[in-house]
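Scroll down for the structure; my scribbles are underneath it.
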Amino acid sequence: MNNIPDGFKIAEFSGAFLERNGPYYIKRRGEQWLIAQRVETQHVNYLGIAHGGMLSTLADVALSSQPYLGEQPRPSVTTTSMTTNFLLGAKLGDWIVADAAIDRLSKRTAHVRGVIRRGDEVLLTMSGVFGIYRPG
């Protein structure tokens, strides 16, 4: 299950929670960052599909990564609100990619939206508002 598509590299997100729910992969596309994940045994529920919590975590990581990775020095980013709409399930072994973009960025907040796909299929739509705390 390790075949990772070209251009993706292991993401170096820190923290025990993300380490347990990963691994995550990252790829830059213009000003945006794609965040991807392979659905593994620890990610599926009793129905054999990706758990909603796993998909929600990927959504949160992908949405919050846009303002975080877009600035130097890196700001602290916290989730204020997030909405996910589950459209299709992901199966064990699926390579899923979260694609997100910033709609509006201010001094203290970022409004971000996106989708999670398996190939061309949209599995989930997502949007969120994030607090931005810049150093200094």
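No continuous path of ILVMFWY side-chain contacts below 4.5 Å connects V129 to M126, so the two sit in separate hydrophobic clusters.
Side-chain N or O atoms of Q32 include none that pairs as donor or acceptor with a backbone N or O of Q66 at under 3.5 Å. Within the 3.5 Å criterion, the main-chain N or O of L69 finds a donor-acceptor partner in the side chain of R74. Side chain of R104 to main chain of T109: no donor-acceptor pair is present (N/O by atom type, distance under 3.5 Å, no hydrogens or angles). Side-chain atoms of R38 never come within 3.5 Å of backbone atoms of P23 as a donor-acceptor pair (strictly under, hydrogens ignored). Not one N or O on the side chain of R117 forms a donor-acceptor pair closer than 3.5 Å with the backbone of V122. The main-chain N or O of G22 is never found under 3.5 Å from a side-chain atom of R20 such that the two would form a donor-acceptor pair. The closest donor-acceptor contact from the side chain of Q42 to the backbone of N21 lies at 3.5 Å or more, if one exists at all. Listed for the R134 side chain is a donor-acceptor partner under 3.5 Å among the backbone atoms of K107.
How far CD of E12 is from OH of Y24: 15.0 Å, rounded to the nearest 0.5 Å. Between atom OG1 of residue T84 and atom CG of residue L124 there is a gap of 5.5 Å, rounded to the nearest 0.5 Å. Note that the CD1 atom of I10 and the CD1 atom of I26 stand 10.5 Å from one another [nearest 0.5 Å]. Note that CG of D94 and CD1 of I49 are 10.5 Å apart. Values are rounded to the nearest 0.5 Å. For the atom pair I116 CD1 and L88 CG, the distance stands at 12.0 Å (nearest 0.5 Å).
Looking at heavy atoms from C-beta onward, M82 lies out of side-chain contact with S64 at the 4.5 angstrom threshold. Contact check for F13 versus S65: side-chain heavy atoms found under the 4.5 Å cut-off. V77 is listed as a side-chain neighbour of I132, based on a closest heavy-atom distance under 4.5 Å. Contact check for H43 versus I96: no side-chain heavy atoms found under the 4.5 Å cut-off. With contacts defined as side-chain heavy-atom distances shorter than 4.5 Å, the pair D99/R29 qualifies.
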Give every donor-acceptor pair under 3.5 Å between a side-chain atom in residues 51-58 and any protein atom, sequence neighbours left out.
residue : atom : partner : partner atom : Å
H51     : ND1  : G53     : N            : 2.7
S56     : OG   : G52     : O            : 2.9
T57     : OG1  : G53     : O            : 2.8

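The two residues P135 and P73 have their closest heavy-atom pair at CG-CG, 3.9 Å. Between A100 and L63 the shortest heavy-atom distance is CB-CD2, 3.9 Å. Listed here is the closest heavy atom pair of A50 and V39: CB-CG1, 4.2 Å.
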Next on the checklist: Would L123 and L87 count as a side-chain contact (heavy atoms from CB on, under 4.5 Å) here? Give the steps.
Outcome noted: CA-CA 5 Å; L123 306 179; L87 307 175; 6.0 Å; no
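Applying the ring-ring contact (aromatic ring centres under 6.0 Å, His included) test to pairs two or more places apart or on separate chains, none has a residue in residues 96-136.
Residues forming a side-chain contact (heavy atoms from CB on, under 4.5 Å) with V97 (at least two apart in sequence, or on another chain): F8, L34, A36, W95.
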